[in-house]
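Below you'll find the structure, written out as structure tokens, and then a few comments.
In listed order, ligands and their atoms are each counted from 1.
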Amino acid sequence: MSKINENFLNLQDSYLFSTIAKKVAEYSKNNPDKEIIKLGIGDVTKPIVPACLEAMHKAVDEIGTQEGFKGYGPEQGYEFLRNAIVENDYKARGVDIEPDEVFVSDGAKCDCGNIVDIFAQDNKVAITDPVYPVYLDTNVMSGRSGKYNEQTGTYENIVYLPVTAENDFKPALPKEKVDMIYLCFPNNPTGTVLTKEDLKVWVDYAKENDSIILYDAAYEAFIEEENIPHSIFEVEGAKDVAIEFKSYSKTAGFTGTRCAYVVIPKTVKGYTKSGEAIELNKLWNRRTCTKFNGVSYIVQRAAEATYTPEGKKQIKENIGYYKENAKIIKKGLEEAGFTVYGAVNSPYIWLKVPEGMTSWEFFDKLLEEVNIVGTPGSGFGPHGEGYFRLTAFGTKENTLKAIERIKNWNINNG
Ligand code: PLP
């Protein structure tokens, strides 16, 4: 008899996006004349930039020749890309990272999910609330949580760090000792950021408690303010306690093309039961070589092209387009009387729903009365209740139209 991993039975079904899709489909069926604007998606919409396309075309031609053919590549990524990452994303920011501390992958989602493989089951995990669900669910799957509590909407054994307007979306240090801490900044879903000083508090905590920070910087390219670190390794001491995840998905429109990387400095150590310090880089390398055969050569060449002068310029234009949308949404919502967070260093706009309404009630009202789709904050965790996420990934035309509708909306009368 084959036994299953019963931890999977502990998972809660994720109804968020399927419920949204169902509600939108039903509304659309009953109101075929209404034009619905979707500002709920977390996917990019602008095409891959010419510099990356040219690099891909070139790579395609190359592998069609005897001399240029590529079979299995290095599991950790080609040297050309690891070097480009080190030079552009780290050395250029004054951070010393070696190419063999970088592991190229097919996505930050997989990396954030797979990293749990190298940690013991009895580690105590802390996540922010609300949160990108992957961190939580992958720890539930691997047995680090207790049972789900229907009343509170939380799991036993997981330490939840609320991020709300009350604490300026800056998680407070946990009261109990934790071993693995997931931080994501710029944050999905709140769109908020931490300064270097804010992050230093976490680095110091991790050093004192021998914890590891799992830092998801998937939205780093959207940062525009000074003193907001683009990498946790800009913070002194982080190279001893942090693992960083980055992705070309939101940076360069690679959500469908798939390329990302994880950085594990050789100075980051975990411990055996007997207290022996072990380099996490070595464990991850071993795991990668066993379970992964690398990202395709063509895609890695495309990722490399994001660092050429033309690539950088073209990508900046695309990010600028989304950021302009974010500004339009933020300004428009504020003019309409909403309290709005995020948007400045992020493609996400996190708004407070009007007093007395739940996130889902606001969702329904927004869909039915002004035909706009967003994401209810409660779908990202209990402390997301009372908030709502809009994204800047739509077209400018639709974004402007949506904001006009919201400004002309008499929310109290429908
Ligand atoms: N991390 C965060 C916080 C995200 O929001 C997303 C995607 O929405 C990802 C990671 C996934 O990135 P990738 O496309 O590289 O798997």
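Under the side chain to side chain donor-acceptor pair (under 3.5 Å) criterion, the residue pairs touching residues 373-391 are Asp129-His383, Asn188-Arg389, Ser359-Glu385, with sequence neighbours excluded. Listed by first then second residue, pairs satisfying side chain to side chain donor-acceptor pair (under 3.5 Å) with a partner in residues 169-179 read Lys170-Asp198, not counting sequence neighbours.
Geometrically, Arg301 engages Phe80 in a cation-pi contact defined by less than 6.0 Å to the ring centre and at most 45° from the axis. Geometrically, Lys70 engages Tyr297 in a cation-pi contact defined by less than 6.0 Å to the ring centre and at most 45° from the axis.
The immediate protein surroundings of ligand 1, defined as residues with any heavy atom under 4.0 Å of it, consist of Gly107, Ala108, Lys109, Tyr132, Tyr135, Cys184, Asn188, Asp216, Ala218, Tyr219, Ser247, Ser249, Lys250, Arg258.
For Phe222, the ring pair (Phe, Tyr, Trp, His ring centres under 6.0 Å) test picks out no residue, with sequence neighbours left out.
Residues Glu220 and Lys250 are not paired through a salt bridge, judged by the lack of any N-O separation under 4.0 Å between the basic side chain and the carboxylate.
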